[in-house]
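Okay, so here's the structure we're looking at.
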Amino acid sequence: MSVLRVACAAIVGLAGFGCAWIAVGSSRGTSRHKTLGRAEVNGLIDALGASRLVRSMREQSERRERARRATRDMPVFLDIVTLGIAAGLSFDASLELYCERYQTPLANMMRNAMLSWRMGVRGRAEALRVLASEVASPAMKRFATTVTDALAFGTPLASALERQAQVIRDEQRSQVEEEIERVPVRMLIPLGTLIVPAMLLTILGPLLGPALGMA
């Protein structure tokens, strides 16, 4: 009987140890899954933050490019609208004349803005203000303000647009001149790091060769 009792106690002890081992393993697995879950969540948050940053940078780049192209096309656009108004056309008809003859991004944006106030979605002043905010160009903002004030107060619009076109051309000319002036400064880096050392080696090499050989 004593032997049987010892055997039963041993079996019960082994069973208890096995249950405890299983419980510890399951708790470790659960904590591991929790750790992996937190890591995955943190990785997902980081990925979302990075994607938002990339999207924001891309939108800013597209916005700058849109503003640059719109500003570049503004003088021709203002000339066409000015000629149309001087010929007796209304502002909308002059604007439509440019939109029909040109397929530039500026013409597409103007076409959409004109469609919005013709359909009654926005007023003309609001549509031009929204367009200026989307383009984010100082020239477009001046154009929207000039057109809105001229149509509201009855001031001559053709002369105002002609002056604005001349101002934009002067600004573009000054920007080109500034870029030309920066070219010699930018050339100093390759000149000082590549060309000048090569010239010194070419000139001083034959003179230093015999001296080094004698030494």
Under 4.5 Å between side-chain heavy atoms, hopping through other hydrophobics if needed: is there a path connecting [X] to [Y]?
X: L95; Y: L97; answer: yes
X: V167; Y: V76; answer: no
X: M114; Y: L83; answer: no

Tell me, please, which residues at least two apart from E96 pass side-chain hydrogen bond (donor to acceptor under 3.5 Å, both in side chains).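 Residues passing side-chain hydrogen bond (donor to acceptor under 3.5 Å, both in side chains) with E96: R118.
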Using a 3.5 Å cut-off and no angle test, enumerate the donor-acceptor pairs between side-chain atoms of residues 140-163 and protein atoms at least two apart in sequence or in another chain.
from: T145; atom 1: OG1; to: K141; atom 2: O; distance (Å): 3.0
from: T146; atom 1: OG1; to: R142; atom 2: O; distance (Å): 2.7
from: T148; atom 1: OG1; to: A144; atom 2: O; distance (Å): 2.7

Just how far is it from atom [atom1] of [X] to atom [atom2] of [Y], taken to the nearest 0.5 Å?
X: L106; Y: R69; atom1: CG; atom2: CZ; value: 10.5 Å
X: I80; Y: E100; atom1: CD1; atom2: CD; value: 12.0 Å
X: E126; Y: L131; atom1: CD; atom2: CG; value: 12.5 Å
X: T71; Y: Q172; atom1: OG1; atom2: CD; value: 7.5 Å
X: E177; Y: R173; atom1: CD; atom2: CZ; value: 7.5 Å
X: R122; Y: L115; atom1: CZ; atom2: CG; value: 11.0 Å

Could I get the full list of ring-ring contact (aromatic ring centres under 6.0 Å, His included) partners for Y98, not counting sequence neighbours?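 Partners of Y98 by the ring-ring contact (aromatic ring centres under 6.0 Å, His included) criterion, ordered by chain and then number, come out as F77, Y102.
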Checking one residue: V176. Which other hydrophobic residues are in its cluster under the side-chain 4.5 Å linking rule?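 ILVMFWY cluster around V176 also holds I180.
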Could you check whether any side-chain heavy atom of Q166 comes within less than 4.5 Å of a side-chain heavy atom of P75, counting everything from C-beta outward? no
Under a 4.5 Å cut-off applied to non-hydrogen side-chain atoms, are V135 and M109 in contact? yes
Listed partners of Q103 passing side-chain contact (heavy atoms from CB on, under 4.5 Å), at least two apart: N108, R111
Taking only residues at least two apart or on different chains, which pairs with a member in residues 83-93 satisfy salt bridge (Lys or Arg N to Asp or Glu O under 4.0 Å)? D92-R124
Strictly distance-based, threshold 3.5 Å: is any side-chain N or O of S116 a donor or acceptor partner for the main-chain N or O of A127? no
So which heavy atom on L78 is nearest to which on I168, and how close? CD1-CD1, 3.7 Å
